[in-house]
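Being a predicted model, the structure only gives us computed values, none of them experimental. All residue numbers in this chain count up from 1 along the given sequence. Side-chain atoms are counted along with the backbone in the values below, which use heavy atoms only and exclude waters and symmetry mates.
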Amino acid sequence: MKSLTSIRTLGRADLERLIDEADELRRSLDAGNRIARALNGLCMANLFFEPSTRTRLSFDLAAQRLGAHVLTFLPETSSATKGESLQDTALTVSSIGADILVVRHGEEGAPQAVAEWTGLPVVNAGDGAGEHPTQALLDALTLRRHFGRLDGLRMAIVGDITHSRVAGSLLYALPTVGVDVTLVGPERWLPADAPVTTSADLDVILDDVDVVYLLRVQKERGGVIDDEYLARFAFDGGRASRLRDDAVVMHPGPINRGIEISHEVAESPRSLITEQVRNGVPTRMAVLRALAVSR
Ligand code: NCD
């Protein structure tokens, strides 16, 4: 794997190998075992042009745990404010000595463009409403650790589908590893060309799924929350009580409590949200290691 800019380039065996490796790393981290410094002496640079808490910090820690140096670029205090283009910024960071770039940007395709301009391995950490491949991997790991399998699980991804890069990667990755995915949301946010089933009625599918995956409404990409949305899709204790006993609730974060998910559901034993965050570091370690070995 030279870069990871889209999850769609990975087949089932590639996805399963990365999930296996992430699972092994998670076990090693939990046990406090020594982990080989596969990135020793290399430099990973984070180029985040959009806000982030868990993705950026977990890439930082993942790289450090593998022995890499980490450079963090902050657009608001960088020469981007003086008009430097993405291309010139990426080439500058490359010349400084970065070996691997992690890119988050508001424009779809920006990470792929950076990979082409620099020739460096690039991880897409979110490109506009495009994709977020490592989120899909860490979610698959979280599900597999919880249920002991992925094959045959039924999952509803709920909310602002068309503006969500998380959905953009999940809806390809999860069916590839055997999960039956339904996209659920208001008609205006359901893609016409979705490769999976879609539904505009959350309530009819509640007792039929193993996983409800909630999305934040992407206000920065034009998503609007109105009373009708809240009435039909806000996931509260009432809706949670209609799930099967062993069904779980997931969310990539940041969560907006009281909007797409109630405080009660976020804190309930069904919630895997903390596990998702926890799995971010070993998943990103597995991806960085795969890129480092194929440099
Ligand atoms: C998401 C993102 O930035 O795409 N967050 C994340 O990386 N876990 C989801 C979101 O912002 O809603």
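The closest side-chain donor-acceptor pair between Q64 and D60, if any, does not fall under 3.5 angstrom. T142 and E275 are not linked by any side-chain donor-acceptor pair at a separation below 3.5 angstrom, with hydrogens and angles left out of the test.
One hydrophobic cluster, built from ILVMFWY side chains closer than 4.5 Å, cannot hold both L57 and F48; they sit in different ones. Hydrophobic clustering of Ile, Leu, Val, Met, Phe, Trp and Tyr side chains at less than 4.5 Å, counting indirect connections, keeps V103 apart from L39. Grouping the Ile, Leu, Val, Met, Phe, Trp and Tyr side chains by contacts below 4.5 angstrom, directly or via other members, places V211 apart from L214. The hydrophobic cluster containing Y172 also contains L10, counting ILVMFWY residues as joined when their side-chain heavy atoms lie under 4.5 angstrom apart, directly or transitively. Hydrophobic clustering (ILVMFWY, side-chain heavy atoms < 4.5 Å, transitive): L15 and M155 are in one cluster.
The shortest side-chain heavy-atom distance between V224 and K219 does not fall under the 4.5 Å cut-off. Taking the side chain as every heavy atom from C-beta outward, V102 and V122 never approach each other to under 4.5 Å. N46 has its side chain within reach of R56: a pair of non-hydrogen atoms, C-beta onward, lies under 4.5 Å apart. H69 is not listed as a side-chain neighbour of M44, based on a closest heavy-atom distance of 4.5 Å or more. Using a 4.5 Å heavy-atom cutoff, the side chains of N124 and S6 are not in contact. Looking at R27 and L25, their side chains never come closer than 4.5 Å, going by heavy atoms from C-beta outward. At a threshold of 4.5 Å between non-hydrogen side-chain atoms, the residues I157 and V184 do not count as touching. Side-chain contact between S199 and L183 is absent, with no heavy-atom pair separated by less than 4.5 Å.
A donor-acceptor distance shorter than 3.5 angstrom exists from the side chain of R270 to the backbone of A247, with no hydrogens or angles considered. With hydrogens and angles ignored, the 3.5 Å screen pairs a side-chain donor or acceptor of T89 with a backbone N or O of S85. Side-chain N or O atoms of K2 include one that pairs as donor or acceptor with a backbone N or O of G119 at under 3.5 Å. With hydrogens and angles ignored, the 3.5 Å screen pairs a side-chain donor or acceptor of D14 with a backbone N or O of G11. Distance alone, capped at 3.5 Å, places no donor-acceptor pair between the S169 side chain and the V166 backbone. A side-chain donor-acceptor contact under 3.5 Å links S58 to the backbone of T55. Without hydrogens or angle criteria, S3 side chain to T5 main chain gives no donor-acceptor distance under 3.5 Å. With hydrogens and angles disregarded, a donor-acceptor distance shorter than 3.5 Å links the side chain of H163 to the backbone of R221. Judged by distance alone, the side chain of T92 and the main-chain N or O of D88 form a donor-acceptor pair under 3.5 Å. In this structure a side-chain-to-backbone donor-acceptor pair under 3.5 Å is present from T81 to S78.
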Can you list the steps and then say if Q276 with R278 is a side-chain contact (heavy atoms from CB on, under 4.5 Å)?
CA-CA 5 Å; Q276 290 173 268; R278 202 168 271 283; over 6 Å; no
Please report the C-alpha distance between R239 and L202 in whole Å, then the side-chain angles of each, then the deciding distance to 0.1 Å, and finally whether the side-chain contact (heavy atoms from CB on, under 4.5 Å) criterion is met.
CA-CA 9 Å; R239 289 202 160 103; L202 175 60; 3.7 Å; yes
Candidate pair R165 and E50, rule salt bridge (Lys or Arg N to Asp or Glu O under 4.0 Å), full reasoning
CA-CA 13 Å; R165 55 197 177 206; E50 285 195 339; 2.8 Å; yes
Could you walk me through whether D208 and R154 pass the salt bridge (Lys or Arg N to Asp or Glu O under 4.0 Å) test, one step at a time?
CA-CA 8 Å; D208 204 36; R154 284 160 305 165; 3.4 Å; yes
Go through the steps to decide whether E131 and R8 satisfy the test salt bridge (Lys or Arg N to Asp or Glu O under 4.0 Å), and finish with yes or no.
CA-CA 10 Å; E131 282 210 51; R8 301 180 198 190; 3.5 Å; yes
Step by step, work out the side-chain contact (heavy atoms from CB on, under 4.5 Å) result for L243 and V212.
CA-CA 9 Å; L243 293 173; V212 175; 3.7 Å; yes
What verdict does the side-chain contact (heavy atoms from CB on, under 4.5 Å) test give for D20 and D23, after you've listed the backbone C-alpha separation in whole Å, the side-chain angles of each residue and the deciding distance to 0.1 Å?
CA-CA 5 Å; D20 287 344; D23 200 6; 5.6 Å; no
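Each ring-ring contact (aromatic ring centres under 6.0 Å, His included) pair with one or both residues in residues 200-233, not counting sequence neighbours, appears once here: W189-Y229, Y229-F233.
Between H146 atom NE2 and D210 atom CG the span is 9.5 Å, to the nearest 0.5 Å. Going from atom CG of L171 over to atom OG1 of T198 covers 11.0 Å, rounded to the nearest 0.5 Å. The distance from the CZ atom of R144 to the CG atom of L153 is 11.5 Å, given to the nearest 0.5 Å. The line from CD1 of I161 to CG of L170 is 9.0 Å long, rounded to the nearest 0.5 Å. Rounding to the nearest 0.5 angstrom, the gap separating the CG atom in L86 from the CZ atom in F49 is 5.0 Å. Rounded to the nearest 0.5 Å, atoms OG1 (T283) and CG (L138) are 5.0 Å apart.
By the side chain to side chain contact (heavy atoms under 4.5 Å, CB included) test, T134 is found to be paired with L4, F59, V123, H132, R284, V287, residues two or more places apart in sequence or in another chain being considered. Evaluation of the side chain to side chain contact (heavy atoms under 4.5 Å, CB included) rule for R295 yields L42, D99, P121 as partners, not counting sequence neighbours. Listed by chain and residue number, nothing satisfies the salt bridge (Lys or Arg N to Asp or Glu O under 4.0 Å) test with E107 (two or more places apart in sequence, or in another chain).
Across every non-hydrogen atom of I7 and P133, the tightest pair is CD1-O, 3.7 Å. Shortest non-hydrogen contact noted between A45 and V93 is CB-CG1, 3.5 Å. Of all heavy-atom pairs spanning P191 and T162, the tightest one is N-CG2, 3.8 Å. In this structure, A286 and A22 approach most closely via the heavy-atom pair CB-N, 3.8 Å.
R232 has no carboxylate O lying under 4.0 Å from a charged side-chain N of D226, or vice versa, which leaves the two without a salt bridge. A salt bridge between R242 and D203 is present, with a side-chain N of the basic residue lying under 4.0 Å from a carboxylate O of the acidic one. Between R12 and E16 a salt bridge is recorded (basic side-chain N to carboxylate O distance below 4.0 Å). Salt-bridge annotation for D127 and R104: absent, with no side-chain N of the basic residue lying under 4.0 Å from a carboxylate O of the acidic one.
Other residues, nucleotides and ligands place more than 12 heavy atoms under 6.0 Å from the CG atom of D207. Within 6.0 Å of CZ on R289 lie more than 12 heavy atoms contributed by other residues, nucleotides or ligands.
V277 shares a hydrophobic cluster with no other residue; no ILVMFWY side chain has heavy atoms under 4.5 Å from its own.
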Donor-acceptor contacts, no H, no angles, side chain residues 254-263, under 3.5 Å, sequence neighbours left out:
| unit_1 | atom_1 | unit_2 | atom_2 | d |
| --- | --- | --- | --- | --- |
| R257 | NH1 | H263 | ND1 | 2.7 |
| R257 | NH1 | E267 | OE2 | 2.7 |
| R257 | NH2 | E267 | OE2 | 2.9 |
| E260 | OE2 | H251 | NE2 | 2.7 |
| E260 | OE2 | N256 | N | 2.9 |
| S262 | OG | V265 | N | 3.2 |

